[in-house]
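Single-structure report; data block below.
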Amino acid sequence: LNDKAAELIAKYGVDRALLAAGSPEVDPVADRVIRLDPPYALDKAGLLAAIASALRCHSVRRKQWDRGTYVYSIHLFGCESDLERTELLFTSLLVQASYGLAAAQVPPWESVAAFRRSWLAGFTRAVEQRLWAAERRASSAAESGEASMALVLADRDDRVARRVAEVYPRLGKAAPRRLVGTGGRAGYAAGQRADLGGRRVGRPAPRVLPPTG
């Protein structure tokens, strides 16, 4: 049922892309900034970036010094419908991850923070794989007649990439993180069970997202 729900939200994205193929103003390129509250702000950033990539959005992680501490946020770029899907799923998955973390048993010899970071990494990996698979299935099913879904999506991605380059002309890449916790397998299993449904597509998602700790 969860996989079917993921396919429904993927189909919604494909339908919006096809609708806007001849009239880009129907689904314009836009952007929004999502602040990532502690704890585990970097891990939330990884989850959001993974969702955004699978749903055809681009993300830029930002780190700013504010009132004695670093604040992380993600600057998202994409077509409006894809941004809507990304923010919706991120909000839902953060809540699900919060419950999963609360229920996960941390080994007594291990740091709670290390375990939870690795748990979130496993959760993110499973969610990302499922979303990419659902998007590929939806895109393949839409291929028909003269409308090439691949070309439609490539055009959308090109428009989004140009917007990113305009805002961040000298964008670099973040260094990979090294996680030492043992929670990855449990997090991955939770990500496989996570609800990726689109029951609330069309309803606004909150801009301030709940912490996981």
Check your understanding: Is there a chain of hydrophobic side chains (I, L, V, M, F, W, Y, each step under 4.5 Å between heavy atoms) that links Y188 to Y99?
Key -> no

Exercise for review: Sort out for me which residue in R130, E128, Q129 forms a side-chain contact (heavy atoms from CB on, under 4.5 Å) with W132.
Suggested key: E128

**Study point:** Spacing of L94 atom CG and L48 atom CG [to the nearest 0.5 Å]
**Key:** 8.5 Å

Review point. Are more than 12 heavy atoms from other residues, nucleotides or ligands located less than 6.0 Å from atom OH of Y168?
Key: yes

Exercise for review: May I ask you to decide if A49's main-chain N or O and S53's side chain share a donor-acceptor pair within less than 3.5 Å?
Suggested key: no

**Study point:** Other residues, nucleotides, ligands: >12 heavy atoms within 6.0 Å of Q64 CD
**Key:** yes

Review point. Quick one: do the T182 and E110 side chains pair a donor with an acceptor below 3.5 Å?
Key: yes

Review point. If you look at every heavy atom in S111 and V106, which pair is closest and at what distance?
Key: O-CG1, 4.3 Å

Review point. Do the side chain of K63 and the main chain of Y70 share a donor and acceptor less than 3.5 angstrom apart?
Key: no

Check your understanding: For the residue pair S81 and R156, what are the closest heavy atoms and their distance?
Key -> OG-NH2, 3.5 Å

Review point. Under the 3.5 angstrom rule, does the side chain of D31 hit a backbone N or O of L76 as a donor-acceptor pair?
Key: no

Practice item. Check the pair R116 / D43 against salt bridge (charged side-chain N to carboxylate O under 4.0 Å, His left out), numbers first and verdict last. Key: CA-CA 9 Å; R116 287 182 170 177; D43 307 283; over 6 Å; no

Check your understanding: OG/S73 to CG/L36 distance, rounded to the nearest 0.5 angstrom?
Key -> 6.5 Å

Study note, to complete from the structure: Shortest non-hydrogen pair, R159 vs C79, comes out as NH2-SG, 4.1 Å

Exercise for review: Look only at the side chain of S118 and the backbone of F115, and say whether a donor-acceptor pair between them is shorter than 3.5 Å.
Suggested key: yes

Check your understanding: So, E87 and T91: side-chain donor and acceptor under 3.5 Å apart, yes or no?
Key -> no

**Study point:** Minimum-distance pair of heavy atoms, taken over all atoms of A104 and W119
**Key:** CB-NE1, 3.8 Å

Study note, to complete from the structure: When rounded to the nearest 0.5 Å, the distance separating CG of L93 from CD1 of I51 is 4.5 Å

Check your understanding: Ion pair present between R35 and D37, side-chain N to carboxylate O less than 4.0 angstrom?
Key -> yes

Check your understanding: From L83 CG over to H58 NE2, what is the distance, rounded to the nearest 0.5 angstrom?
Key -> 10.5 Å

**Study point:** Connected via hydrophobic side-chain network under 4.5 Å: F77 and V33
**Key:** no

Exercise for review: Answer with yes or no whether the hydrophobic clustering places Y40 together with I34; edges join I, L, V, M, F, W, Y residues whose side-chain heavy atoms lie under 4.5 Å apart.
Suggested key: yes

Check your understanding: Going hydrophobic residue to hydrophobic residue with side-chain gaps under 4.5 angstrom, can you get from Y72 over to V60?
Key -> no

**Study point:** Shortest non-hydrogen separation from R85 to L55 and the atoms involved
**Key:** NH2-O, 3.6 Å

Review point. Ignoring hydrogens and geometry, is there a side-chain-to-backbone donor-acceptor pair from D82 to C57 under 3.5 Å?
Key: no

Revision key, fill the gap. To the nearest 0.5 Å, atom CD1 of I74 lies from atom NZ of K44 at 12.5 Å

**Study point:** Non-hydrogen atoms of L153 and S139 that approach each other most closely
**Key:** CD1-OG, 3.5 Å

Review point. Can you get from V71 to W65 by hopping between Ile, Leu, Val, Met, Phe, Trp and Tyr side chains that sit under 4.5 Å apart?
Key: no

